[in-house]
Amino acid sequence: DLGAIGDNLTGTSASSGHDQLYNLQMLEAAFHKLPQPKDSERAKTYIPRHPAVTPASYPQVQPSIVSHPSFWERIGSDTLATDMLFFAFYYQQNTYQQYMAARELKKQSWRFHRRYNTWFQRHVEPQVTTDEYERGSYVYFDFHVTEDGSGWCQRIKNDFTFEYNFLE
Amino acid sequence: VDPNQVAVLFSEWCQMCNHVSASDAAYTRFVTQLQQDGLLKGDDISERFFRILTELAVTHSLVSEQIVAPGGSSQQSPQQPHISYFSIDSYAKLVVMVLKYSVEITPNKASILSKILSVTVRSIQKDAEEKKASFNPRPYFRLFINWLYDLTTTDGHHDSSNFQVLTAFANAFHMLQPLRVPAWSFAWLELVSHRSFMPKLLMCNSQKGWPFFQRLLVALLKFMEPYLRNAELPEAMDLLYKGTMRVLLVLLHDFPEFLCDYHFSFCDVIPSSCIQMRNVILSAFPRNMRLPDPSTPNLKIDLLAEISIAPRIMSDVDGALKSKQLKTEVDEYLKRPEGSSFLSDLNQKLLLPQNEASVAGTRYNVPLINSLVFYVGIQAVQQLQLNKANPSASVQQINHISPMDIFQIGTATDIFRSLITSLDTEGRYLLLNAIANQLRYPNSHTHYYSFITLYLFSEATQEITQEQITRVLLERLIVNRPHPWGLLITFIELIKNPRYNFWSRSFTHCAPEIEKLFESVARSCG
Amino acid sequence: LGIDLTALGLNLNSPDNLYKTFGSPWSNDPAKGDTDFRIPACYLFD
């Protein structure tokens, strides 16, 4: 109720007991310690969980290009490219690469199922769609162990119910 | 809680964070151990524990500040010195893990978070108070940024817990507002406007975050207000001002309804001379609204559907009136004006005591004037809408001056007419400013205050009053854009409608420069 | 007279929300893409 909000009778701030001159001096000191852009950047450096010794002729550090969004945006949608995305997603967890791989997979209409930790893509339009789920044939990417061996592959699951509760 | 033992624990934690094969299981075990040691109960021991951790993290981050110059002598670099954030990032992660994995002892995780935030707030306050100009805000900034990234979400599934987290941060930021910790001001504004905080607070939980953000913005404007009275700003304040303008532009673009709903609160804490900043706020309009071009020939304002709709007002409109015990008097006058002496000394009641006036930079209680003008106008508009027999009749009433108009809204208008003659130049200017602050997007308030502005011009008994009305409008138009829609249509009506005889007033051609100025503004209004 | 607000580094005609690329109050430059990427908890598993 003083006309100038925040000031009290003696020209100081009622909240802090500081006067205008003091506030300006502190502001000017802070002017030389502004937050820098890198202060809000998260490290994108990849640290391998199980580092192995490789020949010196092999690259020993990740190429910087994999930290650039445009590398992931141009990766394409062929099988090799999609396999790369899955590799980054499953084997480079908690990195920028996993984040970008997930983003690109979503652009290619893959959807992550939080219960099965698996990516699904509609093979055909769902037979049933409700507010809670959809059901139909889906391509999914998973690790399979069979009599013939084991490995990652894409398979088709028919009559699968994808509950939206588990959609990431 | 032995600081040395805490340092050992922190060192173990940092080593764990640095280890390439660290897993959530390891983090869980560490946090569980802390809990078993009684360090996470949320009591005084917890507070001391987290306070020591904060001090350790900050101290270690600043150890690398001194840069060794060639020749071995240590000197402060004139540029920003390098800071290592490993200890800060590690401590931030510990807090995130504690919130994620500790079994609730306190009722909910938001409560634990609030305790940790209050420890951080006190650390910053103490550090800033002790170090004064040598206080470095950046490690604490990094700490908050980490938490905003990791503890908030835009995921709608967790709206209510996200809201608790965001409001905990909002409360912490309020405790650290520039008036309390001026050396933290830049870091504060960057955090408050960060894309991990501001949009999330404004988007979550059906606008329940809006009062929290309004409070923060008002705190910033209060800090800047004394300095913004002057056109020339010190360099540091100029940077803060431009930063604030950027933030207001983001709000204007992305959350205009927020600026619309709280415009009154913001105008209360912006000096009358800070015209462009105020215009940015007053230019906001709801995103679903299409504003007709004010320069459209023969634009029929009266036919716009929006002018019969009252805007949503979330600010406390009559608080200043109530605090000065004036609201009851205003209500009584509006109900029963006959024989009332309310108007006879109203202008005196708007003055500040002399010692307060020197601090405020004005002899008048500006928030009180703003409150009076807005409250009276709202009552008049409500009364009009209650009395209307049919929509078209009320529209005609508000647009054309007639004895019926005066009868319907005369009591409210009498207050303005009385004040405009009884106030001195400064008081009249502030009154007209308060009226012009309601010239915004098409709505019933804009329509009423536009009418009042033009009515006061046409009914003025002295040309000095007409000049002052013109000046108040003009100074809002000659600053760089944006300009509020209601301001434009009012000024265009004033200069175009022959009723007001605008161009025959002597002040419109009192000097060649003034003539050119009017012509230029008239051209820019189309 | 105020300042030219179009010179503050914000695309005021952008159809997208500005907050997504708002770098800092002190900078004319937009935020560098994805500097604040966040991994949802469900992406972290054995």
Side-chain angles (χ1 to χ4, degrees), chain B residues 23-25 96 100 145-146 148-155 158 185-200 202-203 220 231 238-255 274-280 283 475-476 478-483, chain C:
Chain B
S23 67
D24 275 3
V96 170
K100 193 176 173 187
I145 275 287
N146 272 318
L148 288 178
Y149 284 152
D150 289 328
L151 296 176
T152 65
T153 174
T154 44
D155 180 0
H158 304 104
S185 300
F186 293 109
W188 183 91
L189 181 57
E190 186 156 348
L191 285 169
V192 158
S193 63
H194 198 271
R195 56 194 177 279
S196 283
F197 177 73
M198 182 173 84
K200 290 178 183 176
L202 292 175
M203 287 193 296
L220 173 65
D238 187 57
L239 184 69
L240 191 64
Y241 170 75
K242 287 203 172 85
T244 304
M245 291 303 278
R246 283 195 179 90
V247 175
L248 287 175
L249 287 173
V250 173
L251 290 170
L252 181 65
H253 185 278
D254 297 351
F255 303 99
C274 198
I275 299 173
Q276 187 182 37
M277 179 183 274
R278 191 179 48 210
N279 271 357
V280 166
S283 297
E475 67 184 12
R476 292 168 182 240
I478 61 174
V479 297
N480 281 315
R481 287 183 287 178
H483 304 121
Chain C
L1 293 178
I3 50 182
D4 178 3
L5 298 181
T6 62
L8 291 180
L10 297 169
N11 179 7
L12 301 172
N13 293 320
S14 167
D16 293 327
N17 282 323
L18 293 181
Y19 68 75
K20 290 180 182 173
T21 53
F22 183 57
S24 101
W26 330 119
S27 170
N28 269 349
D29 302 322
K32 278 196 257 176
D34 300 326
T35 54
D36 56 343
F37 70 94
R38 194 179 153 272
I39 302 291
C42 59
Y43 283 2
L44 305 176
F45 45 85
D46 285 329

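None of the values given here were measured: they were computed from a predicted structure. Each chain gets a letter, A, B and so on, in the order the sequences are listed, and its residues count up from 1.
For chain C, the nearby parts of B/L240 are the backbone and the side chain; heavy atoms of each come within less than 4.5 Å.
Taking the side chain as every heavy atom from C-beta outward, B/R246 and C/L10 approach each other to under 4.5 Å. The closest side-chain heavy-atom distance from C/F22 to B/H194 is not below 4.5 Å.
When each of B/L252, B/I478, B/L249, B/I275 is scored by its heavy-atom pairs under 4.5 Å with chain C, the top score falls to B/L249. In terms of non-hydrogen atom pairs under 4.5 Å with chain B, the most contact-rich of C/D4, C/L12, C/T6 is C/L12. Of the listed residues (C/S24, C/S14, C/P25, C/G9), the greatest number of heavy-atom pairs within a distance under 4.5 Å of chain B belongs to C/P25. Contact count versus chain C (heavy atoms, under 4.5 Å) is highest, among B/P482, B/S193, B/G243, B/C274, for B/G243.
Side-chain N or O atoms of B/R195 include none that pairs as donor or acceptor with a backbone N or O of C/T21 at under 3.5 Å. Side-chain atoms of B/Q276 never come within 3.5 Å of backbone atoms of C/L1 as a donor-acceptor pair (strictly under, hydrogens ignored). Between the B/D254 side chain and the C/L18 main chain, a donor and an acceptor come within less than 3.5 Å of each other.
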Discussion item. With side chain to side chain contact (heavy atoms under 4.5 Å, CB included) as the criterion, how do B/R481 and C/L5 come out once you've worked through the C-alpha distance, each side chain's angles and the decisive distance to 0.1 Å?
Written reply: CA-CA 7 Å; B/R481 287 183 287 178; C/L5 298 181; over 6 Å; no
Item to complete: Please step through side chain to side chain contact (heavy atoms under 4.5 Å, CB included) for the pair C/Y19 and B/K200, ending with a clear verdict.
Response: CA-CA 10 Å; C/Y19 68 75; B/K200 290 178 183 176; over 6 Å; no
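Taken to the nearest 0.5 Å, the OG atom of C/S27 stands 13.5 Å off from the NZ atom of B/K242.
Taking all atoms of both residues into account, the shortest heavy-atom contact from B/H253 to C/D16 is CE1-O, 3.1 Å.
Relative ring orientation between B/F186 and C/W26 is described as perpendicular, the plane-to-plane angle rising above 60° on a 0-90° scale split at 30° and 60°.
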